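Working notes, structure below.
Heavy atoms only: backbone and side chains are in, while hydrogens, waters and symmetry mates are out. In this text the structure is predicted, and so the values were computed from the model without any measurement. Letters go in sequence order (proteins before strands), and every chain restarts at 1.
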Amino acid sequence: MATSLSSVIQISFLDTKTTRTRFSIATPTLKSHRKFFTTCSKSTPDLPVSETTPPNNNIKNSSLSDQLAPLANSTLSTLPEDQPKLLPKPNPTWVNPTKVKRPMLSHQRQKRSSVFYNPQMREFQHFTQKLNNCDVSSEAEFMACLEEIPSSLTRENALLVLNSLKPWQKTHKFLNWIKNQNLLPMETIFYNVTMKSLRFGRQFGLIEELAHQMIDDGVELDNITYSTIINCAKKCNLFDKAEYWFERMYKTGLMPDEVTFSAILDVYAGLGKVEEVINLFERGRANGWKPDAITFSVLGKMFGEAGDYDGIRYVLQEMKSLGVQRNLVLYNTLFEAMGKVGKPGFARSLFEEMIDSGITPIARTLTAIIKIYGKARWSKDALDLWKRMKENGWPMDFILYNTLMNMCADVGLVREAETLFRDMKHSGQCKPDSWSYTAMLKIYGSEGDVDKSMKLFEEMTKFGIELNVMGCTCLIQCLGKAMEIDALVRVFDIYVEKGVKPDDKLCGCLLSVVSLSQGSKDQEKVLACLQRANPKLAAFIQLIADEQTSFETVKEEFKGIMSNAVVEVRKAFCNCLIDICRNKDLLERAHDLLYLGTLYGFYPTLYHKSQHEWCLDVRTLSVGAALTALEEWMTTLTKLVKREEALPDLFLAQTGTGAHKFAQGLNISFASHLRKLDAPFRQSEDKVGSFIATKNDIVSWVQSNSPSVSIAT
DNA sequence: ATAGGGTTAG
C-alpha cells in the first residue's frame, strides 16, 4: 500500500459544528489496509467516549487498556471508509473548558527528594568498600562485616551504602538487614535504589517480591518504583508482568509521568502492539503531553520493526512540528529502523542532516548506514563513507569492521575486504572474530578461490576462532564448485566435530554438490555427509532414484521434507532434486518434482500470462528445473494447439543473462535444449536473456513436430 | 556518579 505523506499525518475536521483534530497514522502492517487510529484533541465536545467509558470517578478502578478500548472502538467505527481526507478548515475552537479532560499522564516528572550527605560519609564509604570486598557467596562473612558498621545508621548513610554495593545480592541483603534491624523507617527510596541494583542483575522475581513487601507494609510505590519494575520485566522479556504492573499503577490511581509512560510504550512496542502504542501516544498528545526524544526513539524502533517507513517519517515530522531536538541515539535508532525497511536514499540524506547539525557519528551510527548501503548494493556510497570515516578519524569498532567486510561481500569488493581485514588485524584494538572470518569466507567462496578460503580456514583453526555453520557453508560451496571433494569431506568432518549443527542452508549446499558430482565416484562421499546432516533428505534421494517408487509416496515424503525445511531453502532443495533426477535420466520423476514444487508454491512466478503474451520465467531455477519447466510448457502448448484454444500473439521465455548466481550458464543450456526440442524460439535481440516465438511459430511447430515433444507420461 | 526511560551484525 503506497501511502503519501499527507495521509501519514492528517489533521482534518470532520464537521463544522464539533471541531475535531484527527491524527492518523497509516500502518501498512496491520490487517486492515486503511485503518486509521484516531484520537481527539483537547476540544472534543461530543465524542462517543462519554457514552462508552465510565464516568470520571470510576477511572481508578479500570485499567488503562479498558479505558482506551471503547475509545478506539467507537472512533474507528464512526469513521466511514470513504471519509474525505482533508476538509476545508473551519475556525477551530481549541479549548472547551466546560468539558472534563481525563488525564492520561502527568506532565510533571516526579520530583526527587534531596539527599544530603553528612560528615560520616568517608567512614561509610570505607564500610561499603569492605562489604564489596566480601565473598558474595559467603553469608557469614557478609554478616560479620555488617557488624563493623561505623556508627548508627542514618537515612543518608543507608542510601550511600545501598547505592554503592555491588553486586545485587549485597544490595538486597543490606536492604533486608536495615529492615530486620528496625533501624530506620522504610522509605520508598530504599526500595527504589535496591530495585535498580536488582535490575542490573535481571532479578525480576526479587523485584516483584520487594514490590509486594512494599504493598504489604504500606510503603508507597511511586513512578520511579513502577518504571524500574516495568523496565526490569521488559529486560527479562516478561511483557505480561510489565503490563500487569502498569495497569496496577493506574488502578491505584497513580498517573504515570513521562518516564514511566515511555517505558510502557516500549513494552507495547516490544509486544508488537502497534495499535496500542499509537493509541496511547495519541491520547497522551491529545492531553497536551509533549513527548521527548526518547519517546520518539521508542516509536522509531517500533516502526522499523513493523517495516513501516511512513511511521519513521511520521516520527521525524512530528518531532519537527513539536520542536523536539534530535539527538545521536534517536538518529541511531532511526538508521537501524531504516535498515529494516530499506530506503538507502532516505538514510543518506538524514545522515547528512545529522552531520550538518553538528552531531558526530559513533561506530554504531556508521554500522547502521553501511549495512543499509550494503543491502541496497550501493557500493559507491559505501566506499565514499568508508573514505570519509578514515579522513575524519571517526571511531571504528569490531562490529563496524565486520559490517564493512560484509558489505564488501554483498557487493563483491574483494580487495577492499582484504584491506579491511588487514587493517583490523593491525588496529590493535579489534581482533578479527568468527564474523570477520565468515565475511572473508563468503567473499572467497563466491570468487571460487579455494586456496585463499582454505588458508583462512587453517588460520581460524590455528587462532581458535569459533567455527560456525555459515562459514562452513561458504567453504563447502567453494570446495564443491571446485570439485575438491576430499577437502570438502575433511572440512565438514572438522566442523561437525567442533559441534557445528548443519542447518538447512548447509544441507542445500551439500545437496547441490551431490547434483554436481553426478557420475563421479565422489558422489558417495558427499552423500555420506548429507546422510549425517539430514538423513531424511539423503533417504529421499534414494527413494526418487528408485523407479518403482509411486508418485503418492514421493509426494508424501516430499511434503514431509519441505515442511521441515525453512522457507528460504525449499525452492533450492526442489531445484537440486530435479537436477539430480535429470542427471540420472529420470525425466518423469523430474517432472513430478517440478509439479510438486509448483503445487506447494515454490515457483509462484514461473508462468504468467497477459492478453498478448505468455511468459515462462525460469530465472531463479536451476538448469535441470528450467529445462523441465520448458518441456512442461511445450507439452501444454501442444495440447492447447491441438484443442484449438485461444492463444496470445507472443510467447516469451526468460532465462536472464547469468548475473544471478544460480543462473550461470542457464542461458546457454536453455538455448541448447531449445535446439534439441527443435522448439521455434529465438534469442530476442532487444531483450537480453529472453527467447521469443510467435503464435504462428508455435502452431506450425506443433503441426509438423508434435510427437517429438510429448514426454514420457 | 550516587532512586526511573531509548539504539548493534549473517
Write down the distance between [atom1] ([X]) and [atom2] ([N]), rounded to a whole number of angstrom.
X         : N      : atom1 : atom2 : answer
Ile369(A) : dT7(B) : CD1   : C1'   : 13 Å
Tyr191(A) : dA3(B) : OH    : C1'   : 14 Å
Asn332(A) : dT7(B) : CG    : C1'   : 6 Å
Asp266(A) : dG5(B) : CG    : P     : 11 Å
Gln108(A) : dG5(B) : CD    : C1'   : 18 Å
Ile229(A) : dG4(B) : CD1   : P     : 14 Å
Leu265(A) : dG4(B) : CG    : P     : 20 Å
Arg155(A) : dA3(B) : CZ    : P     : 11 Å

Which class fits the ring pair Phe335(A) and Tyr331(A): parallel under 30°, tilted 30 to 60°, perpendicular over 60°?
-> parallel
Would you call the rings of Tyr268(A) and Phe246(A) parallel, tilted or perpendicular if under 30° counts as parallel and over 60° as perpendicular?
-> perpendicular
Check every strand shown and say whether [X] touches a base, only sugar-phosphate, or nothing at a heavy-atom separation below 4.0 Å.
X         : value
Ser113(A) : base
Thr194(A) : nothing
Leu330(A) : base
Thr188(A) : nothing
Val329(A) : base
Lys111(A) : base
Arg199(A) : sugar-phosphate
Asn327(A) : base
Thr365(A) : nothing
Ala363(A) : nothing

Residues in ring-ring contact (aromatic ring centres under 6.0 Å, His included) contact with Phe398(A), at least two apart in sequence or another chain = none
By ring-ring contact (aromatic ring centres under 6.0 Å, His included), which residues pair with Tyr495(A), not counting sequence neighbours?
-> Phe457(A)
Kindly indicate whether the side chain of [X] and the base of [N] share any N or O donor-acceptor pair separated by less than 3.5 Å?
X         : N       : value
Asp222(A) : dG4(B)  : no
Thr260(A) : dG4(B)  : yes
Ser297(A) : dG5(B)  : no
Thr228(A) : dG4(B)  : no
Thr438(A) : dG10(B) : yes

Does Trp289(A) offer a backbone N or O that forms a donor-acceptor pair with the side chain of Arg285(A) under 3.5 Å?
-> yes
Is the backbone N or O of Glu220(A) less than 3.5 Å from a side-chain atom of Thr188(A), with the two atoms forming a donor-acceptor pair by type?
-> yes
Side chain of [X], heavy atoms from C-beta onward: which of [options] has the nearest atom to it?
X         : options                 : answer
Asp292(A) : dG6(B), dG5(B), dT8(B)  : dG5(B)
Asn192(A) : dT2(B), dG4(B), dA3(B)  : dA3(B)
Gln110(A) : dG4(B), dG10(B), dT7(B) : dG4(B)
Thr295(A) : dG6(B), dG4(B), dG5(B)  : dG5(B)
Asn231(A) : dT8(B), dG5(B), dG4(B)  : dG5(B)
Lys340(A) : dT2(B), dG6(B), dT8(B)  : dT8(B)
Ile294(A) : dT8(B), dT2(B), dG5(B)  : dG5(B)
Arg109(A) : dT2(B), dG5(B), dA3(B)  : dG5(B)
Asn163(A) : dT7(B), dT2(B), dG5(B)  : dT2(B)
Asp433(A) : dG10(B), dT8(B), dA9(B) : dA9(B)

Using the salt bridge (charged side-chain N to carboxylate O under 4.0 Å, His left out) rule, collect all pairs that involve residues 192-208 of chain A, keeping only residues at least two apart or in two chains.
-> Glu208(A)-Lys241(A)
Contact list for residues 160-169 of chain A, test salt bridge (charged side-chain N to carboxylate O under 4.0 Å, His left out), sequence neighbours left out | none
Does dG10(B) have Trp435(A) stacked on its base, where the ring centres are within less than 5.5 Å and the planes differ by under 30°?
-> yes
Counting just side-chain N and O atoms, does [X] come under 4.0 Å of either OP1 or OP2 of [N]?
X         : N       : value
Lys196(A) : dG4(B)  : yes
Lys505(A) : dG10(B) : no
Lys371(A) : dA9(B)  : no

Examine Lys390(A) relative to Trp386(A) and say whether NZ or CZ is less than 6.0 Å from the centre of the six-membered ring and inside a 45° cone about the ring axis.
-> yes
Does the cation-pi check pass for Lys170(A) over Phe142(A), that is, NZ or CZ under 6.0 Å from the six-membered ring centre and within 45° of its axis?
-> no
Residues of residues 395-409 of chain A with a heavy atom under 4.0 Å from any atom of DNA chain B, listed by number, are Asp397(A), Phe398(A), Ile399(A), Asn402(A)
Those residues of residues 202-218 of chain A lying under 4.0 Å from DNA chain B by at least one heavy atom | none
Count the heavy atoms of every other residue, nucleotide or ligand shown that sit under 6.0 Å from CD of Glu352(A), and state whether that count exceeds 12.
-> yes
Verify the distance criterion only: is there a donor paired with an acceptor across the side chains of Tyr226(A) and Arg248(A) at less than 3.5 Å?
-> yes
Tyr437(A)-Phe421(A) aromatic ring centre distance below 6.0 Å | yes
